[in-house]
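Data block below; observations after.
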Amino acid sequence: MMEKSRRSFLKVAGIAAIGLGAAPAINFAASDSHGAAHAVKEKNEEALHAHRWGMVIDLNKMNEDVAEAIKEACHKAHNVPDFNHEVDGEKFPNTRPVDHHQEIKWIWSEEFDSAFPYKEDEFLAEKFHHLPIPVTCNHCKNAPCTQACPTQATFKREDGIVIMDYHRCIGCRFCMAACPFGARSFNFRDPRPFIEETDPSFPTRTKGVVEKCNLCAERLAKGERPHCEEASEGAIVIGDLENPESEIRQLLAENYTIRRKQSYGTEPSVYYIV
Amino acid sequence: MLEIAIKGSKNYWLWILCLLAVIGAGAIAYIDQFMNGLMITGMSRDVTWGFYIANFTFLVGVAAGGVMVVIPYYLHDYERFHRITILGEFLAVGSLVMCLLFIVVDLGQPIRMLNVIFYPSPKSMLFYDMIVLNGYLFLNIVVGWKVLEAERNQVAPVWWTKPLVYLSIPFAIGIHTVTAFLYCGLPGRGFWLTAILAPRFLASAFAAGPAFLIILCYIIKKFTKFDPGWEAIQTLSKIVCYAIIANIFFFFCEVFVAVYSGIPSHLTHLKYLFFGYHGHDMMVPWMWTSFILMGTAAVFLVIPKLRSNPTLLPITCGMVFVGAWIDKALGMIAGGFVPSPLHHVTEYAPTGQEILISLAVWATGFLVITILYKLATTVKEEVRG
């Protein structure tokens, strides 16, 4: 009995020793075949930084065409599905009919009294009645969605961008109930058949997760400006709210601006020049 | 003890088969939802919670209602509840099973469900809801089982069931308080943004839970040799009476604040529910039915002669149950989401498939309740006979 257990101990110890000895060699072989042994963590020098990202939207420069262009640019680049898109029957057979109430949108236009409920008054100036007002996630300072999310799939970055981890989202839609701006969309179905042209530089989503505007975090990281700003012909300016020298702080200093649903205390980072 | 469940009459097996058939049909419908997503439901971008969460909310109440027999018996030594305490605990178990299933079928990515545990976020009310719901389920299973086993062996229950019973009381209050907190801490949802939501939830729970228990007592009396006792049922009906009146009163408080202040963000939801809003009036007949049912039931329960009428009582309890279900399940969801934060009116109605899946969840709960009640009543028959 004693003999047997000692032998089996030696056997296991021997195998373990071989393993330990072989490990560096295996590692070496593995690293050799791929070049560098370790991935090098490197910060992109050109990345754009801010203490708190914010957005100013000048409604004086807004019209139907600009608003449409903004939406187009954002949705196209982020692979946001369009339910009006004719589905390719060969690639996606058996695609069921769509329910337009289950649509997905990141930035879109609303009328004044929807964008600013209870701010419209009886004698609202005529021009506001027909003005398309772009609305999107406000990247609130006190974001109720991050508080509601039970898995930290929605979280706020240090630079104020409220962002989502699509791989962690369980699809409980609590964040959607918590958002007072209706900024979030849920993938009730697989969005891929409804993307006209998939942009490979941004991930598509799966069914069952929530999504929303990410303030083009992927572009800021490369030193590029957000899509909506580029497409807006100067109507949208994005910058650092905490930096008194920034362009958006200049705009805020020179113009009267309003924010959506200020009374809720979420401190939206999107300002509108009226 | 579980062997009792596989010995039963023809009727018993017929009932079990019916439940299994519904569960099977619902399972097939669920597989389709699992493959294709929640697109098969009537939910939308504006109304993001529907029939599943509605039923969940209501059933949390039924589960919490079980405590209305536990408190009098264990805290006040109210002997008449001796025979039905176990029924209240097992009703809670069945209801909680339904609650948890309704949460699971509502998830967009059910496979990732455990992320709630892997990445706990203590700021989210769902985190606490998970803890109290599972905790209360566990407590009721352990206590119910241990006490029943002791009864069968005709010995006193093991000492540690007592502290667990006491612990289950705050848990019962907790499941419904936290479930109300899921709703009432959200900015921009005027209908839910009220401190009286948790008390109102509890009031309707303490009405619907015991009302259902009374109906179950009638069924038990008809189909088994076990008699829960008329006095116990009468005491329960008084609890239902006060609770349903409290529920109506709390609702009246809500209406007063909204209507008298006239603040549109609070008023529009009530308008939608009871009179329709901008031509959308799907909920109007439901809501009036609900309040007529609950109001009439309250009158029947207040008048001693009507309350003690053994034929009328189960009907009254049915009215309470259905009225509370419409009010708390359908009304709570529709009222919260319509109109949306952007003032759009998108109405919601569950699809057939959604209803089928919900029925299967209910059937699963009834299966659990049936089996547990079979154990309880058989043991009680054995002991007395």
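Numbers restart at 1 for each chain; the letters A, B, ... are given by sequence-line order, proteins then strands.
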Kindly say whether B:P187 contributes a backbone atom to a donor-acceptor pair with the side chain of A:K261 at under 3.5 angstrom?
no

Greatest number of non-hydrogen atom pairs under 4.5 angstrom with chain A, of B:R112, B:M130, B:H343, B:K123, falls to B:R112

Please classify the contact between A:F181 and chain B as side chain, backbone, both or neither, with a heavy-atom cut-off of under 4.5 Å.
backbone

Would you say B:L342 and A:R260 make side-chain contact, with heavy atoms under 4.5 Å?
yes

Side-chain heavy atoms of B:T48 within contact of A:R184, under 4.5 Å:
no

Chain B contacts, top residue of A:C172, A:P150, A:G171, A:A148 (heavy-atom pairs, under 4.5 Å):
A:P150

Relative to chain B, which segment of A:C149 carries a heavy atom at a distance below 4.5 Å: side chain, backbone, both, or neither?
backbone

Among B:P264, B:S124, B:G188, residue most engaged with chain A (heavy-atom pairs, under 4.5 Å)
B:S124

Run the numbers on B:L186 and A:F174 for side-chain contact (heavy atoms from CB on, under 4.5 Å), then give the verdict.
CA-CA 10 Å; B:L186 307 177; A:F174 204 171; 4.0 Å; yes

Can you name the nearest heavy-atom pair linking A:F188 to B:M43, along with the distance?
CE2-CB, 3.7 Å

Take A:R173 and B:D106 through the test side-chain contact (heavy atoms from CB on, under 4.5 Å) and record every step on the way to the result.
CA-CA 9 Å; A:R173 311 184 296 295; B:D106 185 64; 2.6 Å; yes

Given the options B:G336, B:G42, B:S265, B:P339, which has more heavy-atom pairs under 4.5 Å with chain A than any of the others?
B:S265

Counting only non-hydrogen atoms closer than 4.5 Å, does B:I40 touch chain A with its backbone (N, CA, C, O), its side chain (CB onward), both, or neither?
side chain

Side chain from CB out, backbone as N, CA, C, O: work out which of these in B:Y183 comes under 4.5 Å of a heavy atom of chain A, or both, or neither.
neither

Most heavy-atom pairs under 4.5 angstrom with chain A, which of B:S340, B:G37, B:S44?
B:S44

Would you mind checking which part of A:Q147 comes under 4.5 Å of any heavy atom in chain B, side chain (CB onward), backbone (N, CA, C, O), both or neither?
both

Which answer fits B:F34, side chain, backbone, both or neither, if we ask what part of it has an atom under 4.5 Å from a heavy atom of chain A?
backbone

Measuring only between side-chain heavy atoms, which start at C-beta, is B:H344 closer than 4.5 Å to A:E110?
yes

Could you have a look at A:P144, A:A177, A:G265, A:S263 and say which one has the most heavy-atom pairs with chain B under 4.5 angstrom?
A:A177

Between A:N187 and chain B, which part of the residue has a heavy atom less than 4.5 Å away: side chain, backbone, both or neither?
neither

